[in-house]
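Side chains are part of it too, since the values below use all heavy atoms of this structure and drop only hydrogens, waters and symmetry mates. Below, chain A is the first sequence line, B the second, and so on; all start at residue 1. In this text the structure is predicted, and so the values were computed from the model without any measurement.
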2 protein chains.
Amino acid sequence: MALTERQQKILDFIGASIDKHGYPPTIREIGKDVGISSTSVVNYHLNKLKDLELLERDDQISRGLKLTAKARPMVDAGNGATVSLPIVGTIQAGLPVPVMDARTAFETDEQDMISVTREIVPRGDKVYALRVKGDSMIDALINEGDIVVMQSTHTASNGDMVAAWIKDREETTLKRFYHENGRVRLQPANPTMDPIYVALDNLEIQGKVIAVIRSLN
Amino acid sequence: MALTERQQKILDFIGASIDKHGYPPTIREIGKDVGISSTSVVNYHLNKLKDLELLERDDQISRGLKLTAKARPMVDAGNGATVSLPIVGTIQAGLPVPVMDARTAFETDEQDMISVTREIVPRGDKVYALRVKGDSMIDALINEGDIVVMQSTHTASNGDMVAAWIKDREETTLKRFYHENGRVRLQPANPTMDPIYVALDNLEIQGKVIAVIRSLN
DNA sequence: GTCTACCATGAACACCTGTTCGATGTCAAG
DNA sequence: CTTGACATCGAACAGGTGTTCATGGTAGAC
């Protein structure tokens with residue numbers, strides 16, 4: 001069931017309001033923003049959104065609105081403090097990293113998301129997350145269960161931490177990228193380990209690592 | 001400048017309310033919680049907290065309250081989806097980890113904070129962050145520049161990743177804790193490395209690692 | 001003692017706010 | 001054409017809510 005333009009606008013305004021002020025808007029504030037003169041109509045749409053499970057309402061409570069998790073991805077993030085990233089798959093040494101195209105992003109359901117603050121991941125465009133499988137990445141100081149946040153790209157600058165597919169080894173590796181003397185030096189994050197050198201055309205850059213998150217429990 | 005018990009309680013309640021409902025409380029709700037019968041007294045304390053720059057108020061607006069960044073670490077429950085953590089110091093092998101007492105929390109200014117979502121750090125109480133100095137922690141898959149999120153504690157359960165001070169070595173180490181056969185096995189996160197064994201009374205647990213964050217750029 | 005800062009009460013007021021009701025218009029389905 | 005679902009308006013009401021005022025108690029400073 002799709003939303004009408006009105007309802008989408010109301011949802012967006014609620015999100016923006018919480019974002020900006022730290023609390024939800026009143027019925028009249030909503031009406032003013034979306035251009036509805038009567039409080040009863042806003043109330044009407046609010047109940048509609050509630051039926052769609054996009055909104056929770058606390059009866060008789062001023063500003064008693066809350067966006068449900070279901071509504072979160074449909075709301076204009078705007079200048080939010082957090083970024084929601086899809087976890088599109090897993091990463092391990094023997095397999096290429098999954099790419100994120102428009103389709104996979106859409107198919108990702110809410111269970112497979114992680115949100116992080118912009119302090120940790122400043123950009124949100126073409127950024128996605130991968131769960132680390134196995135312990136084949138310990139030379140990158142990354143272990144089973146870690147979340148790797150990647151930015152999709154096929155090029156890299158010197159010093160970038162990249163996910164690279166080494167063709168002749170049929171192997172994915174996470175290393176710092178340095179293009180020097182016509183070849184590429186891949187430097188492990190672990191300073192006690194030696195770099196490897198590969199030819200440029202033997203390398204396929206699949207993304208740039210922009211953060212690693214390890215959540216113990 | 002210290003807060004009175006009343007004011008701390010009000011601040012806590014505002015945080016808890018935002019946490020629980022998604023919006024701040026009204027003056028009367030605050031009064032009811034902290035045991036103040038008159039709205040004017042609550043108003044009085046609110047203005048006091050505003051003068052201390054712990055609170056922002058939107059005049060004439062119901063529930064027009066917002067905790068400032070300065071207030072965040074002093075509040076029991078953080079603000080909704082994110083937790084702000086003070087970065088109270090650095091961690092390296094040769095030094096004990098700094099402890100977070102009430103004083104350091106107060107002295108921390110806003111620059112030395114990091115906020116993370118509750119998905120990554122569920123609790124907020126007695127939790128703080130340390131910046132990793134040097135590469136002496138690579139056996140814990142942790143490197144220079146990483147942020148380690150710790151929970152202050154002096155005890156640990158089996159399997160916890162702890163920051164431990166080994167007395168006779170005068171060394172801090174991050175390892176998984178296993179109490180077995182009257183001694184303690186400290187297991188490195190790197191599965192290719194061997195555990196070390198220490199006597200219980202040679203060990204001082206300084207905190208529990210609950211997350212590691214590496215933000216590249 | 002007197003003064004001042006602080007904390008508290010209770011009441012009153014005006015505006016804010018959610019709720020409800022009756023009426024109207026539109027538009028696709030039957 | 002009639003019907004029903006949907007969307008909108010305007011108005012009214014009751015209770016919620018921030019603000020203000022007069023009053024007074026307590027405790028430490030001078």
**Prompt:** With sequence neighbours excluded, what pairs up with R214(B) under the side chain to side chain donor-acceptor pair (under 3.5 Å) test?
**Reply:**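 For R214(B) the side chain to side chain donor-acceptor pair (under 3.5 Å) partners, ignoring immediate neighbours, are D146(B).
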**Message:** I need the R63(B) CZ to R63(A) CZ distance, nearest 0.5 Å.
**Reply:** 8.5 Å
**Nearest-0.5 Å distance that lies between atom OH in Y178(B) and atom CZ in R183(B)** =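 Between Y178(B) OH and R183(B) CZ, I get 14.5 Å after rounding to 0.5 Å.
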**Message:** Taking the nucleotide of DNA chain C with the nearest heavy atom to each, does I36(B) or S62(B) sit closer to the 5' end?
**Reply:** I36(B)
**Item:** Leading and trailing nucleotides of DNA chain C with any atom under 4.0 Å from heavy atoms of chain A
**Value:** dT17(C) to dC21(C)
**Request:** Pick base, sugar-phosphate or nothing for S38(A), based on heavy-atom distances below 4.0 Å to the nucleic acid.
**Result:** base
**Item:** Nearest-nucleotide comparison on DNA chain C, the residue closer to the 5′ end among Y44(B) and Q60(A)
**Value:** Y44(B)
**Asked** What distance separates D160(A) CG from I205(A) CD1, expressed to the nearest 0.5 Å?
**Response** 8.0 Å
**For I166(B), all residues meeting side-chain contact (heavy atoms from CB on, under 4.5 Å), sequence neighbours excluded** =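 side-chain contact (heavy atoms from CB on, under 4.5 Å) check on I166(B) returns D168(B), R169(B), T173(B), L186(B), I196(B), V198(B), N202(B), L203(B).
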**Prompt:** First and last nucleotide of DNA chain D in contact with chain B, 5' to 3', at under 4.0 Å to a heavy atom: what are they?
**Reply:**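 The contacted stretch runs from dT17(D) to dC21(D).
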**Asked** For S40(A), which residues count as a side-chain contact (heavy atoms from CB on, under 4.5 Å) partner, sequence neighbours excluded?
**Response** S38(A)
**Asked** Reading DNA chain D 5' to 3', how would its secondary structure be written in dot-bracket notation, given Watson-Crick and G-U pairs with both distances under 3.5 Å, brackets [ ] for crossing pairs and | for partners on other strands?
**Response** ||||||||||||||||||||||||||||||
**Message:** Tell me every residue that passes side chain to side chain donor-acceptor pair (under 3.5 Å) with K50(A), counting only those two or more places apart in sequence or in another chain.
**Reply:**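 Result, side chain to side chain donor-acceptor pair (under 3.5 Å) vs K50(A): none returned.
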**Asked** Which of residues 21-33 of chain B sit near DNA chain D, with a heavy atom under 4.0 Å from it?
**Response** T26(B), I27(B), R28(B)
**Asked** When you look at NZ of K167(B), are more than 12 heavy atoms from neighbouring residues, nucleotides or ligands closer to it than 6.0 Å?
**Response**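 Yes.
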**Fill in**
With sequence neighbours left out, the residues meeting side-chain contact (heavy atoms from CB on, under 4.5 Å) with N43(A) are I27(A), N47(A), R57(A)
**Prompt:** Per the side chain to side chain contact (heavy atoms under 4.5 Å, CB included) rule, which among I10(A), I36(A), T39(A), V41(A) passes with I30(A)?
**Reply:** I10(A)
**For Q187(B), all residues meeting side chain to side chain donor-acceptor pair (under 3.5 Å), sequence neighbours excluded** =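 Applying side chain to side chain donor-acceptor pair (under 3.5 Å) to Q187(B) gives R185(B).
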**Complete:** With sequence neighbours left out, the residues meeting side-chain contact (heavy atoms from CB on, under 4.5 Å) with E53(A) are K70(A)
**Request:** Write out all pairs satisfying ring-ring contact (aromatic ring centres under 6.0 Å, His included) with one or both partners inside residues 19-43 of chain B, taking only residues at least two apart or from two chains.
**Result:**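 The answer is H21(B)-Y23(B).
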